[in-house]
2 protein chains.
Amino acid sequence: MKDTEINTRIHILDEATPLFAAQGYNGVSMRDLSKAVGISAAALYHHFSDKRTLYLEVMKHSFVDKATAFARSVTNAGTAIEQLEDFIKGFTLMVNKDQNFRALVMWELLDGDEARLKLVAEEVLLEPFKMVYALIQDIDPEADHYMLTISSIWLVLSHSTTAPICQYLPGWETSYSNPSVISAHVIQLLKNNINPAVGVANERVPKK
Amino acid sequence: MKDTEINTRIHILDEATPLFAAQGYNGVSMRDLSKAVGISAAALYHHFSDKRTLYLEVMKHSFVDKATAFARSVTNAGTAIEQLEDFIKGFTLMVNKDQNFRALVMWELLDGDEARLKLVAEEVLLEPFKMVYALIQDIDPEADHYMLTISSIWLVLSHSTTAPICQYLPGWETSYSNPSVISAHVIQLLKNNINPAVGVANERVPKK
DNA sequence: GTCTATAGCCGGATAGAC
DNA sequence: GTCTATCCGGCTATAGAC
């Protein structure tokens, strides 16, 4: 029936997502995937025309509703600064929680052709970008919106992604990979680089 | 003779570097490599015991002397802030110039096993890390040294790496991938987050 | 040191039975 | 929809001549 067909399809995508996230496109074979799903490799081709298509569907499946989730994560309550804080916190939590999502984005940065880069940009980055951009513009019309927005997004992604390598640097503590520590750090960086438009003098946010 | 042996070896590494940087370990076959070098695949095995070893040697070859180059790039002249600025500028330039180096580092973050992560951390990241860390500590003993240092390094790498995807975001201009624009942005972020220890009030750096 | 030839395995994808 | 069987090409790595 239609139901089982759809369910198998989604089951395949669910199994494929962590595999592709961990090993990348070239690192996962259809045979690997068939073992994980529990059906033969040939059966996979009943649901997806080829490996490349399957991979693209994995990305879409992983990214879908992320944009709307971002949008929802901003309550329209509070000042623009508070909204910005809330969003960075939510975004960091999400990025930390959904490791597959984060890894897939990173793989695309290295591996993706033009079409896939565009998909990631529009399906994933666009919404958080517009959100942070608008809030920074609201708070300080004279700030360097573009660079600050990009920096915030990559800082969240970087700090969440690079813990495995940072542990080899002197002074590393496990708390540095804690989402709340990361978001607090990024928020502080941002706050110290935007001036409230309402004429309040720039105040340095205390470190502790 | 010993000379030709060494030269071929280095020739192989030179040809392999851009290939692995562009396609990653799994994306490059020994046949691809043999074509690029101009010898048979079998001959490669005379110089390297297997593909994995060859790849590791590519990384070492690409990373060697980077650490000392970092060290040299800081003149011990000027204030700590000036030294920090000089270093960020030099680091950004280097990262932009040597695209293979940058790509190899990024691949390792996703793909690397423990041993390779350690290699990247110690051969590549350690020296710039220690350098920035010490300078920030010198300028503001109370700053959040660890997070600020990591942020600076990843910001430089991120802004340099992600231009291909950022062009799909609204408001993108090619100048945003310009090394001097990137380093100026990172320096400004840093300056606004460290207080000179000498009792001078924190001053916002003008955007323009 | 480099070659040709090849072993042995794994890859994506298809054919056709059920 | 899923299976088994299979094609065929590419992969790493080795054997052995020169």
Side-chain angles (χ1 to χ4, degrees), chain A residues 1-61 104 107-108 110-113 115-116, chain B residues 1-61 104 107-108 110-113 115-116:
Chain A
M1 293 282 132
K2 203 71 185 174
D3 258 14
T4 54
E5 188 180 322
I6 290 176
N7 285 338
T8 305
R9 188 190 151 88
I10 291 182
H11 181 206
I12 293 171
L13 293 176
D14 284 339
E15 293 293 332
T17 303
L19 287 180
F20 281 128
Q23 326 262 15
Y25 180 81
N26 285 323
V28 180
S29 71
M30 295 299 270
R31 284 170 164 87
D32 293 338
L33 183 46
S34 76
K35 274 172 216 151
V37 175
I39 63 175
S40 71
L44 295 174
Y45 287 88
H46 176 77
H47 300 277
F48 303 92
S49 62
D50 55 21
K51 185 186 174 185
R52 204 147 199 94
T53 304
L54 197 161
Y55 180 71
L56 217 88
E57 294 300 312
V58 163
M59 290 214 299
K60 286 183 188 163
H61 182 243
L104 285 174
W107 277 112
E108 284 315 296
L110 280 173
D111 218 5
D113 54 34
R116 273 152 55 191
Chain B
M1 295 279 136
K2 202 71 185 174
D3 258 14
T4 55
E5 188 180 322
I6 290 176
N7 285 338
T8 305
R9 188 190 151 89
I10 291 181
H11 181 208
I12 294 171
L13 293 176
D14 285 339
E15 294 292 334
T17 302
L19 288 180
F20 281 128
Q23 326 261 17
Y25 179 81
N26 284 325
V28 179
S29 71
M30 294 299 269
R31 282 170 164 90
D32 293 338
L33 184 45
S34 76
K35 275 170 215 151
V37 174
I39 62 176
S40 71
L44 295 174
Y45 287 88
H46 175 77
H47 300 276
F48 303 91
S49 62
D50 54 22
K51 186 185 174 185
R52 203 147 199 94
T53 304
L54 197 161
Y55 180 71
L56 216 88
E57 294 299 313
V58 164
M59 288 215 298
K60 285 183 188 163
H61 182 243
L104 285 174
W107 277 112
E108 284 315 295
L110 281 173
D111 218 6
D113 54 34
R116 273 152 54 191

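Throughout, a chain's letter reflects where its sequence line sits, starting with A, and its residues are numbered from 1.
B:His11 has its NE2 atom 11 Å from the P atom of C:dT2, to the nearest Å. The distance between atom NE2 of B:His46 and atom P of C:dT4, rounded to the nearest whole Å, is 17 Å. The nearest whole Å value for the distance from the CD1 atom in B:Ile12 to the P atom in C:dT2 is 7 Å. The separation between A:Asn7 atom CG and D:dT2 atom P is 11 Å, rounded to whole Å.
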What donor-acceptor contacts under 3.5 angstrom involve side-chain atoms of residues 11-24 of chain B, with partners at least two apart or in another chain?
residue : atom : partner : partner atom : Å
B:Thr17 : OG1  : B:Leu13 : O            : 2.6

>> So if I define the base as every atom that isn't primed, P, OP1 or OP2, how would nucleotides 4-18 of chain D read as a B/S/- string at a heavy-atom cutoff under 4.0 Å?
In response: B------BBBBB---
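Interatomic distance, A:Ser29 OG to A:Lys35 NZ, rounded to the nearest 0.5 Å: 6.5 Å. The CD atom of A:Glu108 sits 4.0 Å away from atom CZ of A:Arg116, with the distance rounded to the nearest 0.5 Å. Taken to the nearest 0.5 Å, the CG atom of A:Leu54 stands 6.0 Å off from the CG atom of A:Leu33. Atom NE2 of residue A:His46 and atom CD1 of residue A:Ile39 lie 9.5 Å apart, to the nearest 0.5 angstrom.
A:Lys51 places none of its side-chain heavy atoms less than 4.5 Å from the side chain of A:Tyr55.
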